[in-house]
Amino acid sequence: MKNYVEVTAVFDIDGNIIPKEVKIEGGRYEVDRVMDIRPAASLESGGAGIRYKCMIAGRETYLFLEETRWFLELAQ
């Protein structure tokens with residue numbers, strides 16, 4: 001099951017979408033760093049989209065943009 005989350009993102013001048021903040025279970029967490037962006041499938045939750053490998057609250061996390069919604073999974 002996918003864990004859809006609320007994300008605050010910035011669209012830069014080149015049209016890139018950069019996540020800045022994630023709302024998880026009532027708390028807001030800053031995206032500390034985006035380490036990689038690529039099209040990918042989620043092997044854990046199913047589905048595919050743009051995968052952002054991020055550091056959020058000191059944890060390596062995959063944040064997926066699937067069409068118009070975002071979901072999270074922890075990096076392995």
Side-chain angles (χ1 to χ4, degrees):
M1 185 171 159
K2 293 179 189 162
N3 180 23
Y4 289 104
V5 294
E6 183 178 317
V7 173
T8 301
V10 172
F11 290 75
D12 71 14
I13 197 164
D14 295 320
N16 300 307
I17 304 169
I18 310 299
K20 295 295 184 180
E21 185 179 71
V22 179
K23 182 178 179 184
I24 306 168
E25 298 171 2
R28 292 193 174 274
Y29 299 91
E30 184 177 327
V31 176
D32 302 317
R33 183 168 60 132
V34 176
M35 299 175 289
D36 184 54
I37 304 170
R38 68 178 66 208
S42 169
L43 301 177
E44 204 172 286
S45 304
I50 305 299
R51 184 184 75 186
Y52 295 78
K53 185 176 181 182
C54 303
M55 290 298 290
I56 300 173
R59 296 184 75 176
E60 194 172 294
T61 306
Y62 291 133
L63 180 61
F64 285 84
L65 176 57
E66 180 184 54
E67 294 185 28
T68 60
R69 298 197 298 174
W70 296 85
F71 69 92
L72 281 174
E73 69 180 41
L74 295 177
Q76 300 295 331

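What you see is a predicted model, and the numbers here were worked out from it, not measured in a lab. In this chain, residues are counted from 1 in sequence order.
- For the atom pair CD of Glu30 and SG of Cys54, the computed distance is 11.5 Å after rounding to the nearest 0.5 Å.
- Residues Pro19 and Val31 approach most closely at O-CB, 3.7 Å, considering heavy atoms.
- Placement of Tyr29 and Phe71 in two distinct hydrophobic clusters is found when ILVMFWY residues are connected by side-chain heavy-atom separations under 4.5 Å, directly or transitively.
- In this structure, a donor-acceptor pair under 3.5 Å is present between the side chains of Glu66 and Tyr4.
- Under the 30°/60° scheme for interplanar angles, the aromatic rings of Tyr52 and Trp70 are found to be tilted.
- Apart from Ile13 itself, the hydrophobic cluster it occupies contains nothing, where clustering links Ile, Leu, Val, Met, Phe, Trp and Tyr at side-chain heavy-atom distances under 4.5 Å.
- Of all heavy-atom pairs between Lys23 and Val5, the closest is O-CB, 3.6 Å.
- Taken to the nearest 0.5 Å, the CD atom of Glu6 stands 8.5 Å off from the CD atom of Glu21.
- Taking hydrophobic clusters as Ile, Leu, Val, Met, Phe, Trp and Tyr residues chained together by side-chain heavy-atom distances below 4.5 Å, Leu65 does not share a cluster with Met35.
- Taking CG of Leu63 as the reference point, atom CD1 of Ile56 lies at 5.5 Å (rounded to 0.5 Å).
- The distance from atom CZ of Arg51 to atom OG of Ser42, rounded to the nearest 0.5 Å, is 9.5 Å.
- Cluster membership for Phe11 and Ile18, using ILVMFWY side-chain heavy atoms within less than 4.5 angstrom, is shared.
- Donor-acceptor pairing under 3.5 Å is lacking for the side chains of Glu73 and Thr61.
- Side-chain atoms of Asp14 never come within 3.5 Å of backbone atoms of Asn16 as a donor-acceptor pair (strictly under, hydrogens ignored).
- Listed by chain and number, the residues in a side chain to side chain donor-acceptor pair (under 3.5 Å) with Asp32 amount to none (sequence neighbours excluded).
- When hydrophobic clusters are built by joining Ile, Leu, Val, Met, Phe, Trp and Tyr residues whose side-chain heavy atoms come closer than 4.5 Å, directly or via intermediates, Tyr62 is not grouped with Met55.
- Taking both residues in full, the closest heavy atoms of Arg38 and Asp36 are given as NE-OD2, 2.6 Å, listed atom of the first, atom of the second, then distance.
- To the nearest 0.5 angstrom, Ile50 atom CD1 is 10.0 Å from Phe64 atom CZ.
- Using a 4.0 Å cut-off between charged nitrogen and carboxylate oxygen, Lys53 and Glu60 count as a salt-bridge pair.
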